[in-house]
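Reviewing the structure listed below.
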Amino acid sequence: MLPSSVIYYVLPRLQEMIAYRVVQSGECTPLKNICGIDVSYKDDFAFGTAVVMDSISFDTMEVAESVTPIKFPYIPGAFILREATPILYTMRLLRCDFDLLLLDGHGMLHPRKCGLASFVGVLINKPTIGIAKKLLCGEVNSEYFVEIDRTICGYMHMGASNKRIYISVGNRISLRDSIKLVSKLTREGQSIPEPLRLADLYSKHHCKLFCRN
DNA sequence: GCGACAG
DNA sequence: ATCTTGTCGC
């Protein structure tokens, strides 16, 4: 089992170092191939699914799936311990390239400005956006921006059926562009951007199929 | 000390 | 996240 000193001292220092590398702005180049990765869990295994989709046509370009052993428990604020490895492993299986990665969890909307999307974004040095269903920290202001210590770190987006999601910069993109892209990539009647919604759907499906044998 | 706490 | 049947609602 993981020593608590790693969770309470080593990991936070690593997160602060990674947060320092986060770039909160992006280039003007069009983001064509969008990747969404999500992970489901069953017993001792993590089932990761990556979906790459064309941002204009919404055509699925590629799907990759992986099964890896679960190494860590879920600890709020230390989510990267549990989910980063399955995500990186699944991403490695992709044959086609992508311009933007969407992840289930926060980016810089995090106590140490380094949630899952920022951690992975800095590691792979690509644009990433964090999309979470619940707040880990911060307060929503009157304009739906989420503040930590009076600094804007994210945005609360109202999806279909009054379902809300919290958007934050992962890496190499602005919050403004993140909000725009999430809206653009979300289908009518849905609240989660399509690549992530499919990744979630497929990973749960893969998980159930796998466990029936 | 107590409660809150991404998936 | 996952464990789980029927059930309330658009």
Side-chain angles (χ1 to χ4, degrees), chain A residues 2 4 7-8 11-12 14-15 18-19 22 36-51 65-91 101-123 128-140 145-149 153-157 159-171 175 178 182 188-193 195-212:
Chain A
L2 192 60
S4 59
I7 297 174
Y8 297 108
L11 180 65
L14 173 65
Q15 288 175 309
I18 296 283
V22 167
I37 305 183
D38 193 24
V39 182
S40 295
Y41 298 91
K42 174 74 182 197
D43 298 331
D44 298 327
F45 295 104
F47 299 81
T49 299
V51 175
E65 308 201 289
S66 75
V67 185
T68 49
I70 296 178
K71 297 289 192 183
F72 300 106
Y74 164 65
I75 300 165
F79 188 37
I80 55 174
L81 288 177
R82 186 174 172 86
E83 194 128 313
T85 299
I87 286 173
L88 293 167
Y89 194 89
T90 311
M91 192 167 52
L101 176 61
L102 307 179
L103 291 177
D104 206 329
H106 293 296
M108 55 172 286
L109 181 44
H110 178 279
R112 290 173 293 281
K113 306 288 179 290
C114 182
L116 178 70
S118 293
F119 182 82
V120 172
V122 169
L123 245 62
T128 58
I129 301 174
I131 291 143
K133 298 167 205 72
K134 294 174 185 172
L135 273 184
L136 174 59
C137 60
E139 299 143 13
V140 182
F145 286 99
V146 188
E147 302 178 357
I148 300 176
D149 299 330
C153 293
Y155 181 76
M156 187 186 85
H157 180 76
S161 312
N162 284 327
K163 284 176 187 168
R164 44 199 60 172
I165 59 170
Y166 301 92
I167 302 167
S168 61
V169 169
N171 189 32
L175 180 57
S178 300
V182 167
E188 203 71 32
Q190 300 292 161
S191 58
I192 309 282
L196 254 193
R197 193 182 72 84
L198 291 182
D200 177 76
L201 204 65
Y202 296 163
S203 70
K204 286 188 168 107
H205 186 62
H206 183 211
C207 180
K208 285 186 179 174
L209 273 187
F210 186 92
C211 297
R212 268 191 9 178

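Letters go in sequence order (proteins before strands), and every chain restarts at 1.
A/Tyr41 meets the side-chain hydrogen bond (donor to acceptor under 3.5 Å, both in side chains) test with A/Glu83; sequence neighbours excluded. In this structure A/Ser178 satisfies the side-chain hydrogen bond (donor to acceptor under 3.5 Å, both in side chains) test with no other residue, sequence neighbours excluded. Applying the side-chain contact (heavy atoms from CB on, under 4.5 Å) rule to A/His206 yields the partners A/Phe47, A/Glu65, A/Val67; only residues at least two apart in sequence or on another chain are considered. Take A/Phe72 and apply the side-chain contact (heavy atoms from CB on, under 4.5 Å) test, not counting sequence neighbours, and it matches A/Leu2, A/Leu81. When the side-chain contact (heavy atoms from CB on, under 4.5 Å) test is applied to A/Glu147, the partners found at least two apart in sequence or on another chain are A/Asn141, A/Arg150, A/Ile152. Looking at residues two or more places apart in sequence or on another chain, you find no side-chain hydrogen bond (donor to acceptor under 3.5 Å, both in side chains) involving A/Lys134.
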Nucleotides 3-10 of chain C: protein proximity per nucleotide (B base, S sugar-phosphate only, - neither; heavy atom, under 4.0 Å): S-------
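How far CG of A/Leu116 is from CG of A/Leu136: 12.0 Å, rounded to the nearest 0.5 Å.
Atom OH of A/Tyr74 and atom P of C/dT2 are 14 Å apart (whole Å). Atom CG in A/Leu116 sits roughly 14 Å away from atom P in C/dA1 (whole-Å rounding).
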Side-chain donor-acceptor contacts of residues 84-91 of chain A below 3.5 Å, not counting sequence neighbours, with atom names and distances?
residue	atom	partner	partner atom	Å
A/Thr90	OG1	A/Ser66	OG	2.7
A/Thr90	OG1	A/Pro86	O	2.6

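Side-chain atoms of A/Leu201 and A/Asp38, non-hydrogen and from C-beta on, never get closer than 4.5 Å to each other. Taking the side chain as every heavy atom from C-beta outward, A/Val182 and A/Ile165 approach each other to under 4.5 Å. Residues A/Val146 and A/Leu135 meet the side-chain proximity criterion, which asks for heavy atoms closer than 4.5 Å.
Looking only at distances, no side-chain donor or acceptor of A/Ser168 sits under 3.5 Å from a matching main-chain atom of A/Cys153.
A/Ser161 comes within 4.0 angstrom of no nucleic acid atom, judged by non-hydrogen atoms across all strands. Contact annotation for A/Gly130: no contact, since no heavy-atom pair falls under 4.0 Å across all strands. Across all strands shown, A/Ala78 has heavy atoms under 4.0 Å from base atoms, whether or not it also approaches the sugar-phosphate.
Both key distances under 3.5 Å define a Watson-Crick or G-U pair, and DNA chain B has no stretch of 3 or more such consecutive pairs. Remark: DNA chain C takes part in no stem of 3 or more antiparallel Watson-Crick or G-U pairs, criterion distances under 3.5 Å.
Among residue pairs with one or both ends in residues 104-117 of chain A, those qualifying as side chain to side chain donor-acceptor pair (under 3.5 Å) are A/Gln15-A/Arg112, A/Asp104-A/Lys133; sequence neighbours excluded.
Interface limits on DNA chain B: the 5'-most and 3'-most nucleotides within less than 4.0 Å of chain A heavy atoms are B/dC5 to B/dG7.
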